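Comments concern the structure below.
Keep in mind it's a predicted model, so treat the numbers as computed, not measured.
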Amino acid sequence: MSLNNSNIPTDPLRVIVVDDRAAVRESLRTVLTLEDDIAVVGEAENGRQAVMIASKVKPDLVLMDFEMPDAQGSKFDGIDACREIKARHLAHAVIILTVHADHQTRERAAAAGADLFLEKGVNTGELLAHIRKLAI
């Protein structure tokens with residue numbers, strides 16, 4: 001449970017985890033659920049599912065992969081989902097996670113409204129600090 005400036009307990013940060021690989025989602029969920037002040041309130045395997053789930057649960061933060069083809073091979077990726085989630089105010093913040101750290105990918109994420117762009121190799125402590133900072 002997180003604390004506000006008065007050290008009064010508040011509700012946990014509500015997070016959706018989005019990645020096309022089940023093992024990555026499970027790993028992120030495991031790390032996040034070990035934290036008392038974070039609750040994983042949804043998971044999605046592609047951008048369309050992310051938007052649908054975010055519209056239902058209204059998370060504080062979406063932690064989303066950059067590249068995620070859906071079953072039909074759609075190009076609605078993490079950037080497209082980020083753009084829609086931010087435009088519809090479905091989450092306070094979106095963090096894009098990717099193995100692609102090039103300048104063009106970073107620019108696309110920023111243009112879509114991503115609050116932060118992190119490489120998937122980020123250490124757990126740094127990831128948790130970013131989540132807590134952005135979800136305030």
Minimum heavy-atom separation for [X] and [Y], please, with both atom names.
{"X": "A112", "Y": "C82", "value": "O-SG, 3.7 Å"}
{"X": "N46", "Y": "V18", "value": "O-CG1, 3.8 Å"}
{"X": "E45", "Y": "M68", "value": "O-CB, 4.1 Å"}
{"X": "V17", "Y": "R25", "value": "CG1-CA, 3.9 Å"}
{"X": "P59", "Y": "A54", "value": "CD-O, 3.7 Å"}
{"X": "V62", "Y": "A91", "value": "CG2-CB, 3.8 Å"}

Taking the side chain from R14 and the backbone from V57, do they hold a donor-acceptor pair closer than 3.5 Å?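 Yes, the answer is positive, given that a donor and an acceptor are paired below the 3.5 Å cut-off.
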Would you check if the side chain of S27 reaches a backbone N or O of A23 as a donor-acceptor pair within less than 3.5 Å?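 Checking the backbone N and O of A23 against the side chain of S27, no donor-acceptor pair under 3.5 Å is found.
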Distance from M52 atom CE to I85 atom CD1, nearest 0.5 Å? 11.5 Å
So how far is it from L63 CG to H130 NE2, rounded to the nearest 0.5 Å? 11.5 Å
Is any side-chain heavy atom of [Y] closer than 4.5 Å to one of [X]?
{"X": "V15", "Y": "L28", "value": "no"}
{"X": "M64", "Y": "I16", "value": "no"}
{"X": "L97", "Y": "D19", "value": "no"}
{"X": "L13", "Y": "L61", "value": "no"}

Pairwise side chain to side chain donor-acceptor pair (under 3.5 Å) hits with a residue in residues 49-59, at least two apart: none
Inspect the surroundings of CD in E126 and state if more than 12 heavy atoms from other residues, nucleotides or ligands are less than 6.0 Å away.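 Above 12, so yes.
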Using the side-chain hydrogen bond (donor to acceptor under 3.5 Å, both in side chains) criterion, which residues pair with N123? Sequence neighbours excluded.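 N123 satisfies side-chain hydrogen bond (donor to acceptor under 3.5 Å, both in side chains) with no other residue.
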For T98, check side-chain hydrogen bond (donor to acceptor under 3.5 Å, both in side chains) against everything at least two apart and list the hits.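 T98 satisfies side-chain hydrogen bond (donor to acceptor under 3.5 Å, both in side chains) with no residue once adjacent residues are dropped.
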Kindly indicate, with the supporting measurements, whether the criterion side-chain contact (heavy atoms from CB on, under 4.5 Å) is fulfilled by D65 and V24. CA-CA 10 Å; D65 187 19; V24 173; over 6 Å; no
Assess whether side-chain contact (heavy atoms from CB on, under 4.5 Å) is satisfied between I38 and R132, documenting all intermediate values. CA-CA 9 Å; I38 299 174; R132 288 179 175 114; 4.3 Å; yes
With [X] via side chain to side chain contact (heavy atoms under 4.5 Å, CB included) - residues at least two apart:
{"X": "E107", "answer": "H103"}
{"X": "A39", "answer": "P12, V41"}
{"X": "T33", "answer": "R29, V40"}
{"X": "D80", "answer": "F76, D77, R83"}

Can you list every salt bridge (charged side-chain N to carboxylate O under 4.0 Å, His left out) pair that touches residues 88-99, not counting sequence neighbours? E84-R88
What residues, two or more places apart in sequence or in another chain, satisfy salt bridge (Lys or Arg N to Asp or Glu O under 4.0 Å) together with D115? K86
Using the side-chain contact (heavy atoms from CB on, under 4.5 Å) rule, take E67 and D20 through it: C-alpha gap first, then chi angles, then the decisive distance, then the call. CA-CA 8 Å; E67 287 186 319; D20 58 324; over 6 Å; no
In this structure, would L32 and V122 fall into the same cluster of hydrophobic residues linked by side-chain contacts under 4.5 Å?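 Same hydrophobic cluster.
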